[in-house]
Amino acid sequence: MGGSGSRLSKELLAEYQDLTFLTKQEILLSVHVVLAPHLVDSEQQARSGNEHTGKPIAENTDSCPLSTRAHRRFCELLPQEQRSVEESLLAQVPFEQILSLPELKANPFKERICRVFSTSPTRDSLSFEDFLDLLSVFSDTATPDIKSHYAFRIFDFDDDGTLNREDLSRLVNCLTGEGEDTRLSASEMKQLIDNILEESDIDRDGTINLSEFQHVISRSPDFASSFKIVL
């Protein structure tokens with residue numbers, strides 16, 4: 001794979017494995033593609049390259065691993081001068097660029113997803129580690145508890161630790177759209193939120209907390225498989 005400048009240290013690799021649901025192989029593939037895509041060795045090129053398109057055959061058939069495809073797109077968002085290991089691990093990609101990724105562009109919660117996973121003080125950009133975290137949570141290997149925890153955070157628009165009526169209203173508007181043809185009337189919205197709270201608000205305090213949310217989600221067998229980003 002090229003020189004040591006394109007490799008993660010064993011300590012950092014172990015840390016990524018501990019903190020994400022990505023395997024060692026997926027992390028190494030991700031780092032290889034996002035941090036040093038120009039350092040593909042000639043043997044791999046000969047094995048997977050297409051002499052007519054210049055692209056790997058796996059990419060042409062859309063059969064390359066999830067992490068490889070995701071990080072190839074992420075790599076395209078980084079300036080050339082930030083693609084060394086040292087620079088890219090410090091780089092912050094603005095939300096505007098992240099949201100241009102096809103996998104997020106149509107997601108009604110795309111801004112919230114980026115904000116929840118951002119560790120930037122201003123919460124308006126993602127680092128490489130933030131992006132790894134995002135991929136990990138939205139992967140098939142993340143547990144239902146982890147997925148429901150992050151779903152709750154994404155739906156908690158005011159970040160107060162509960163889903164109140166305003167959060168639920170914004171959630172519904174994200175799902176239905178706010179156009180004239182799809183937006184619910186005030187009475188329809190009130191009735192829907194009343195029904196949601198009647199079903200989910202176990203302690204009857206007018207809000208849904210994390211444990212109540214996870215209790216509801218546990219009865220939805222399709223949640224874990226649907227809470228993912230499909231490339």
Side-chain angles (χ1 to χ4, degrees), residues 15-23 26-27 30 65-67 69-71 74 95 98-99 101-120 123-124 126-177 184 189-231:
E15 182 179 349
Y16 282 156
Q17 283 185 268
D18 287 341
L19 296 178
T20 72
F21 292 95
L22 300 176
T23 65
E26 286 177 320
I27 293 169
S30 300
L66 166 68
S67 58
R69 283 178 280 146
H71 284 87
F74 183 71
F95 281 179
I98 295 292
L99 295 177
L101 294 172
E103 296 76 28
L104 282 174
K105 187 178 294 186
N107 191 306
F109 301 101
K110 54 185 179 292
E111 288 88 359
R112 283 296 302 166
I113 291 172
C114 287
R115 184 170 178 82
V116 164
F117 284 94
S118 175
T119 57
S120 165
R123 296 180 72 182
D124 59 358
L126 292 182
S127 67
F128 177 67
E129 291 187 8
D130 295 337
F131 198 68
L132 273 181
D133 287 341
L134 189 158
L135 284 179
S136 174
V137 169
F138 280 91
S139 71
D140 289 330
T141 51
T143 66
D145 279 351
I146 290 293
K147 286 179 177 288
S148 60
H149 171 81
Y150 277 93
F152 181 85
R153 290 186 60 192
I154 290 166
F155 300 154
D156 181 16
F157 288 87
D158 58 8
D159 298 312
D160 69 349
T162 64
L163 303 185
N164 55 35
R165 284 183 171 271
E166 179 61 26
D167 291 323
L168 295 174
S169 177
R170 294 179 68 177
L171 190 162
V172 171
N173 284 334
C174 283
L175 293 173
T176 63
L184 299 184
M189 181 68 78
K190 181 180 184 305
Q191 183 61 58
L192 177 57
I193 293 176
D194 285 345
N195 292 342
I196 293 172
L197 290 173
E198 177 67 28
E199 176 73 18
S200 310
D201 181 17
I202 298 172
D203 61 12
R204 301 304 181 206
D205 67 348
T207 66
I208 301 171
N209 60 37
L210 176 59
S211 63
E212 291 169 337
F213 179 79
Q214 290 183 320
H215 176 71
V216 173
I217 290 299
S218 69
R219 293 179 287 170
S220 176
D222 296 331
F223 169 73
S225 60
S226 62
F227 191 76
K228 62 182 181 181
I229 293 177
V230 180
L231 296 183

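When reading the values below, keep in mind they use all heavy atoms of this one structure, side chains included, and skip hydrogens, waters and symmetry mates.
- Comment: Arg165 engages Asp194 in a salt bridge, judged by a side-chain N to carboxylate O separation of less than 4.0 angstrom.
- Not counting sequence neighbours, Phe95 has no partner by the ring pair (Phe, Tyr, Trp, His ring centres under 6.0 Å) test.
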Item to check | side-chain contact (heavy atoms from CB on, under 4.5 Å) assessment of Thr119 paired with Asp133 | outcome: CA-CA 11 Å; Thr119 57; Asp133 287 341; 5.6 Å; no
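- Among residues two or more places apart in sequence or in another chain, the side-chain hydrogen bond (donor to acceptor under 3.5 Å, both in side chains) test is passed with Asp201 by none.
- For Phe227, the ring pair (Phe, Tyr, Trp, His ring centres under 6.0 Å) partners at least two apart in sequence or on another chain are Phe138, Phe223.
- Counted by atom type alone, Thr162 and Asn164 present zero donor-acceptor pairs between their side chains at under 3.5 Å.
- Counted by atom type alone, Ser120 and Ser118 present zero donor-acceptor pairs between their side chains at under 3.5 Å.
- A heavy-atom distance below 4.5 Å is not found between the side chains of Ile208 and Val216.
- The side chain to side chain contact (heavy atoms under 4.5 Å, CB included) search around Phe155 returns Phe109, Ala151, Leu163, Leu171, Phe213, not counting sequence neighbours.
- In this view, Asp156 satisfies the side-chain hydrogen bond (donor to acceptor under 3.5 Å, both in side chains) rule with no residue, not counting sequence neighbours.
- Here Asn173 pairs with nothing under the side-chain hydrogen bond (donor to acceptor under 3.5 Å, both in side chains) rule; sequence neighbours left out.
- Residues Ile217 and Pro144 have side chains not in contact (no heavy-atom distance under 4.5 Å, counting atoms from C-beta outward).
- Between His149 and Val137, the closest side-chain pair of non-hydrogen atoms is not below 4.5 Å.
- For Asp203, there are no side-chain hydrogen bond (donor to acceptor under 3.5 Å, both in side chains) partners at least two apart in sequence or on another chain.
- Annotation: salt bridge (charged side-chain N to carboxylate O under 4.0 Å, His left out) contacts of Asp145 (sequence neighbours excluded): none.
- Pairs passing the side-chain hydrogen bond (donor to acceptor under 3.5 Å, both in side chains) check and including a residue from residues 104-117, sequence neighbours excluded, read Arg112-Asp159.
- Sorted by first and then second residue, the salt bridge (charged side-chain N to carboxylate O under 4.0 Å, His left out) pairs involving residues 209-225 (not counting sequence neighbours) are Glu199-Arg219.
- Counting only residues at least two apart or in different chains, salt bridge (charged side-chain N to carboxylate O under 4.0 Å, His left out) contacts with residues 166-175 are absent.
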